[in-house]
Amino acid sequence: MTMILPAHHILPLAHLRRLRLLNGKGRVLVRPGQMVEATDVIAEAPAPGQHLLLDVRKALGVQRVSEAERLIERQVGERVEKGDILAQTRGLFARILRAPVAGQVVAIYKGQILLETQPQPYRLLAGLPGQIAEVFPERGAIVETHGALIQGVWGNQQSNHGLLTMLAETPDAPLKADMLDLTLRGSVIVGGTCDQAEALKSAAEIPVRGIILGSLSAPLLPLATDLNLPVILLEGIGQIPINRLAFQLLNTNQKREVYLQASWNPALSEKPEIVIPLPAEGKAPEEAVEVAPGRTVRIILPPHAGVIGKIIQPHSTVLLRSGQRIPAAEVELENSQRVTVPLFNLDIIA
């Protein structure tokens, strides 16, 4: 029986096509064949306005609704800038109500002003340098490029780019606060593991452009999630070293510009990605591959988490101690040890 699994990509060179879409309808600003940079806006959509209710009576210290409405100096439909006077009293101890944000007066009722803000439109960035391969009217486009690709297992939904800087000399080297200084400003840094909150905080204060780790201790996940810069984990939660293939690929591309898309949605099989554009043409990566002898795999869970191996023999089912029968494969690890691993505990590297 043929068994197929999604591929996990660790590729020194690949032809990449990445879809960039607005959440709703908008306006596409690029055309097929156009060259773009990562920070170029390829589409935009209007953002919904927010509403602020301002109580004139409370702000000016008056009692009657009629008096508050008499002091209002704006009309419905009028646009105002931040700081513009909306209402004021007169005299020696005058009080003034100013617009807290730019917007439009949409209602005046019982001594209150309803102000609708005018937010900037949402702008969709290319995310990668490359060429526009295809345009989807009112929604977005496909950006095409060539380069190294490394997929991770967790990301904090941020994106950015910078010069790749290896702080980890070995795959398990911990990222520590005393390793960080202002010379790293604008860099994407690589550490093996991290269990130190101060290291993440220091990186954000510099600030670096992104953080790549093999693993992160579980208590630091909320902090990593809230950082205003991309964080990508290549292996998972705990103390798991970066796998050998990914570490070598990162190490050989030091000081190259690297692009991080830390989008992560397991329900949609969306993985965070590290892309290093290269001046050469690669092949499109396989998205699903057959579980077959000779395939390179990465073990996901302990006791061999993050270890690379090769499939010796796939098995349609093996009997577990629990009495369950599940698909598995015999895998030879890099230390020549052979283990039988359930397929759910394997990433096939392609």
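Throughout, residue positions are numbered sequentially from 1 according to the sequence presented.
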Could you tell me whether a side-chain N or O of [X] sits under 3.5 Å from a main-chain N or O of [Y], the two making a donor and an acceptor?
X	Y	value
Asn243	Ala246	yes
Asn156	Val231	yes
Gln196	Ala177	yes
Ser215	Gly238	yes
Gln104	Gly77	yes
Arg209	Val188	no
Asp84	Glu81	yes
Arg139	Leu21	no
Asn345	Pro342	no
Thr145	Pro129	yes

Minimum heavy-atom separation for [X] to [Y], with atom names?
X	Y	result
Tyr259	Ala38	CE2-CB, 3.3 Å
Leu180	Ser202	CD1-CB, 3.8 Å
Asp55	Gln112	OD2-NE2, 4.0 Å
Leu229	Ala203	CD2-O, 4.2 Å
Leu115	Val101	CD2-O, 3.9 Å
Leu220	Asp195	CD1-C, 3.6 Å

Exercise. Are side-chain N/O atoms of Lys271 and His9 paired as donor and acceptor at under 3.5 Å?
Worked result: no
Problem set entry | Any donor-acceptor N or O pair under 3.5 Å, side chains Gln337, Glu332 | no
For this session: Measure up the His15 and His146 rings against each other and bin them: parallel (under 30°), tilted (30 to 60°), perpendicular (over 60°).
Result: parallel
Are the side chains of [X] and [Y] in touch, meaning some heavy atoms are under 4.5 Å apart?
X	Y	answer
Val41	Leu124	no
Asn160	Leu260	no
Thr193	Ile240	no
Ile72	Val56	yes
Ile132	Ile142	no
Val339	Leu333	yes
Val105	Ile113	yes
Leu167	Val190	no

Could you state the interatomic distance from [atom1] ([X]) to [atom2] ([Y]), rounded to the nearest 0.5 Å?
X	Y	atom1	atom2	answer
Leu53	His51	CG	NE2	10.5 Å
Ile96	Ile85	CD1	CD1	4.5 Å
Leu175	Leu200	CG	CG	7.0 Å
Ile211	Ile189	CD1	CD1	5.0 Å
Leu164	Ile274	CG	CD1	8.0 Å
Thr117	Lys82	OG1	NZ	12.5 Å

Taking [Y] as the starting point, is it possible to reach [X] by hopping between hydrophobic residues whose side chains are less than 4.5 Å apart?
X	Y	value
Leu22	Leu29	no
Val258	Ile242	yes
Ile232	Leu149	no
Ile276	Leu11	no
Phe247	Ile349	yes

Over 12 foreign heavy atoms within 6.0 Å of [atom1], [X]:
X	atom1	result
Asn228	CG	no
Asn335	CG	yes
Tyr109	OH	no
Glu67	CD	yes
Gln50	CD	no

Test: [X] and [Y] ion pair at under 4.0 Å:
X	Y	answer
Glu134	Arg17	yes
Glu69	Arg74	no
Glu138	Arg27	no
Glu235	Arg298	yes

For this session: Evaluate the criterion side chain to side chain contact (heavy atoms under 4.5 Å, CB included) for residue pair Val318 and Ile326; output intermediate values, then yes/no.
Result: CA-CA 6 Å; Val318 295; Ile326 60 171; 4.3 Å; yes
For this session: Pick out which of Glu144, Glu273, Gln261 makes a side chain to side chain donor-acceptor pair (under 3.5 Å) with Arg18.
Result: Glu273
For this session: Apply the test side chain to side chain contact (heavy atoms under 4.5 Å, CB included) to residues Ile300 and Leu346: give CA-CA distance (whole Å), side-chain angles for both, the deciding distance (0.1 Å), then the verdict.
Result: CA-CA 6 Å; Ile300 302 170; Leu346 289 178; 5.7 Å; no
For this session: Show your reasoning for whether side chain to side chain contact (heavy atoms under 4.5 Å, CB included) applies to Ile4 and Val289.
Result: CA-CA 5 Å; Ile4 304 293; Val289 293; over 6 Å; no
For this session: Test Leu245 against Thr296 for side chain to side chain contact (heavy atoms under 4.5 Å, CB included), laying out the working first.
Result: CA-CA 10 Å; Leu245 295 179; Thr296 300; 4.0 Å; yes
